[in-house]
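Encoded as C-alpha cells, the structure appears first; notes follow it.
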Amino acid sequence: MQTDTLSAAFAALADPTRRAIIARLAEGEASVNELAAPFEMSLPAVSKHLKVLEKAGLISRGKEAQWRPARLEPMAMKSIADWLEQYRRFWESSFDRLDGYLQKIQRADDSGSRN
C-alpha cells in the first residue's frame, strides 16, 4: 500500500461511524439499509461514509439486481495491518526492555531489603 493510499485509509478510519461500518462488514457483506440500521442518520449520510471508505480502497460495492452490497477489501486491510506491525514490534521490544529493567530493579531492591 503506497503512502498516499495509506493516508487515505487512515483518514477514512478516523471517523467512528466508518470504523463501525468496517466492523460490521467484517461479519459479511451488507446493504446500505443494513449498515444504516444502528445509526441515527439518513441513508444518504451512510452512503457518503461508504463512498469515503470505497475511495480509500477499504471496501467495494457490488451490484446484484437492486441490491448493492458493500464488502471489505481484505488486501487493503492487510496492508494497514502490515504497516502497523512494524510499530507493534517496536513497542513490544521497548516494553520487554522496560520489563527487564524493572525486574532488575526489583531484584536489587529485594536484595537490599534483606540486609
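In this structure, CG in Leu50 is found 5.5 Å from CG in Leu35, a value given to the nearest 0.5 Å. The distance from atom CD1 of Ile59 to atom CZ of Arg71, rounded to the nearest 0.5 Å, is 10.0 Å. Separation of atoms CG (Leu43) and OG (Ser31) is listed at 9.0 Å; rounding is to 0.5 Å. A distance of 11.0 Å separates CZ in Arg61 from CD in Glu29, rounded to the nearest 0.5 Å. The line from CD1 of Ile22 to CG of Leu13 is 6.0 Å long, rounded to the nearest 0.5 Å.
Within the structure, salt bridge (Lys or Arg N to Asp or Glu O under 4.0 Å) pairs that include any residue of residues 39-56 do not occur (at least two apart or interchain). Contacts classified as ring-ring contact (aromatic ring centres under 6.0 Å, His included) and involving residues 11-39 (residues at least two apart or in different chains) are not found.
Looking at residues two or more places apart in sequence or on another chain, you find a side chain to side chain donor-acceptor pair (under 3.5 Å) between Gln106 and Asp110. In terms of the side chain to side chain contact (heavy atoms under 4.5 Å, CB included) criterion, residue partners of Glu92 (sequence neighbours excluded) are, by chain and number, Arg88. Asp82 meets the salt bridge (charged side-chain N to carboxylate O under 4.0 Å, His left out) test with Lys78; sequence neighbours excluded. Phe95 is linked by a ring-ring contact (aromatic ring centres under 6.0 Å, His included) to Trp91, counting only residues two or more places apart in sequence or in another chain. For the side chain to side chain donor-acceptor pair (under 3.5 Å) test, residues two or more places apart in sequence or in another chain that qualify with Arg18 are His49. Listed by chain and residue number, Gln103 satisfy the side chain to side chain donor-acceptor pair (under 3.5 Å) test with Asp99 (two or more places apart in sequence, or in another chain). Every side chain to side chain contact (heavy atoms under 4.5 Å, CB included) that Gln86 has, sequence neighbours left out, goes to Trp83, Arg89. A search for side chain to side chain contact (heavy atoms under 4.5 Å, CB included) contacts involving Ala45 returns Met41, Ser42, not counting sequence neighbours. Partners of Arg19 under the salt bridge (charged side-chain N to carboxylate O under 4.0 Å, His left out) rule, at least two apart in sequence or in another chain, do not exist in this structure. Shown here are the side chain to side chain contact (heavy atoms under 4.5 Å, CB included) partners of Glu73, two or more places apart in sequence or in another chain: Ser60, Ala76.
Contact between Ala70 and Leu25 at its shortest, heavy atoms only, is O-CD2, 3.3 Å. Between Thr5 and Ala56, the closest heavy-atom pair is CG2-O, 4.2 Å. When all heavy atoms are compared, the tightest approach of Arg24 to Gly28 is NH1-O, 2.9 Å.
Residues Tyr87 and Phe10 share a single hydrophobic cluster, defined by chaining ILVMFWY side chains whose heavy atoms lie under 4.5 Å apart. Under the 4.5 Å side-chain contact rule for hydrophobic residues, Val52 and Leu72 do not share a cluster.
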Working for side-chain contact (heavy atoms from CB on, under 4.5 Å), residues Ile80 and Leu58
CA-CA 10 Å; Ile80 292 169; Leu58 298 173; 3.6 Å; yes
